[in-house]
Amino acid sequence: DAKTTQPPSMDCAEGRAANLPCNHSTISGNEYVYWYRQIHSQGPQYIIHGLKNNETNEMASLIITEDRKSSTLILPHATLRDTAVYYCIVRQSPKINTGTASKLTFGTGTRLQVTL
Amino acid sequence: KAGVTQTPRYLIKTRGQQVTLSCSPISGHRSVSWYQQTPGQGLQFLFEYFSETQRNKGNFPGRFSGRQFSNSRSEMNVSTLELGDSALYLCASSPRTGGLYTEAFFGQGTRLTVV
């Protein structure tokens, strides 16, 4: 799986958009970008994933550059409850019928602090 | 729909003992993965089970083992506990069918302390 690079920490004011960048310059054609977050002392929570098109769900938007070497997770209106460590993960296509597709390789993530 | 359930939530064991942790996946999910989280190493993949068979294994010693039952519930076992095994152990289930994976849903974890 391709390696990802994220800033160690970011701050965001409550109500503002939080834009979390991720660099994955060695991503290959069949690899997806996944985002998870982990609120203190809880298990990681799935947020969103994408291949090359921008994606949006009820939690966030994912913007992937055209060359797919980087992406940005956008929380449109951050709240205090969004304070967490956000992990950007690149992994093989979920359609590959091998034993390795299930493995998530977590990096160190970005610690997002949302403040009043 | 109930989430992933891990028991116990907290556990204290002595060096040299063994421990068994339990994970009940979301109903209908057949894939269960285990992860270890420590302050020093972060989140690391232990192994994955699907249809009662281990499908993938991380880089952990043989003291770490697991199994999956016919109802998809899974257990992991750590034998001859070491101080370094103190960690949060997380279980995740996925609705994998026919090789198609989607997102993984994590439980709250079991916090193991080895003294």
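Chain naming here is simple, since letters A, B, ... match the order of the sequence lines and numbering starts at 1 in each.
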Would you say [X] has more than 12 foreign heavy atoms packed within less than 6.0 Å of its [atom1]?
X     : atom1 : value
A/K52 : NZ    : no
B/N59 : CG    : no
B/I12 : CD1   : no
B/R15 : CZ    : no
B/R73 : CZ    : yes
A/R81 : CZ    : no

Self-check item: Segment of B/L43 engaging chain A (4.5 angstrom heavy-atom cut-off)
Solution: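 When you check distances to chain A, atoms from both the backbone and side chain of B/L43 fall under 4.5 Å.
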
Quiz item: With a 4.5 angstrom heavy-atom cut-off, which part of B/Q37 approaches chain A: side chain, backbone, both or neither?
Solution: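 Side chain only.
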
How many angstroms lie between atom [atom1] of [X] and atom [atom2] of [Y], to the nearest 0.5 angstrom?
X      : Y      : atom1 : atom2 : result
B/L88  : A/Q38  : CG    : CD    : 7.0 Å
A/S41  : B/R111 : OG    : CZ    : 5.5 Å
B/E103 : A/L104 : CD    : CG    : 10.5 Å

Self-check item: Under 3.5 Å: donor-acceptor pair, side chain of A/Y46, backbone of B/F106
Solution: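 Checking the backbone N and O of B/F106 against the side chain of A/Y46, no donor-acceptor pair under 3.5 Å is found.
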
Quiz item: Under the 3.5 angstrom rule, does the side chain of A/Y36 hit a backbone N or O of B/A104 as a donor-acceptor pair?
Solution: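 Side chain of A/Y36 to backbone of B/A104: a pair is present.
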
Quiz item: Could you walk me through whether B/Y35 and A/F106 pass the side-chain contact (heavy atoms from CB on, under 4.5 Å) check?
Solution: CA-CA 10 Å; B/Y35 292 78; A/F106 289 85; 4.0 Å; yes

Quiz item: Can you hop from B/Y89 to B/F45 via hydrophobic side chains spaced under 4.5 Å?
Solution: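 In one cluster: no.
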
Quiz prompt | Over all atoms of both residues, closest heavy-atom pair of B/L90 and A/P44 | solution =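 B/L90 and A/P44 have their closest heavy atoms at CD1-CD, 3.8 Å.
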
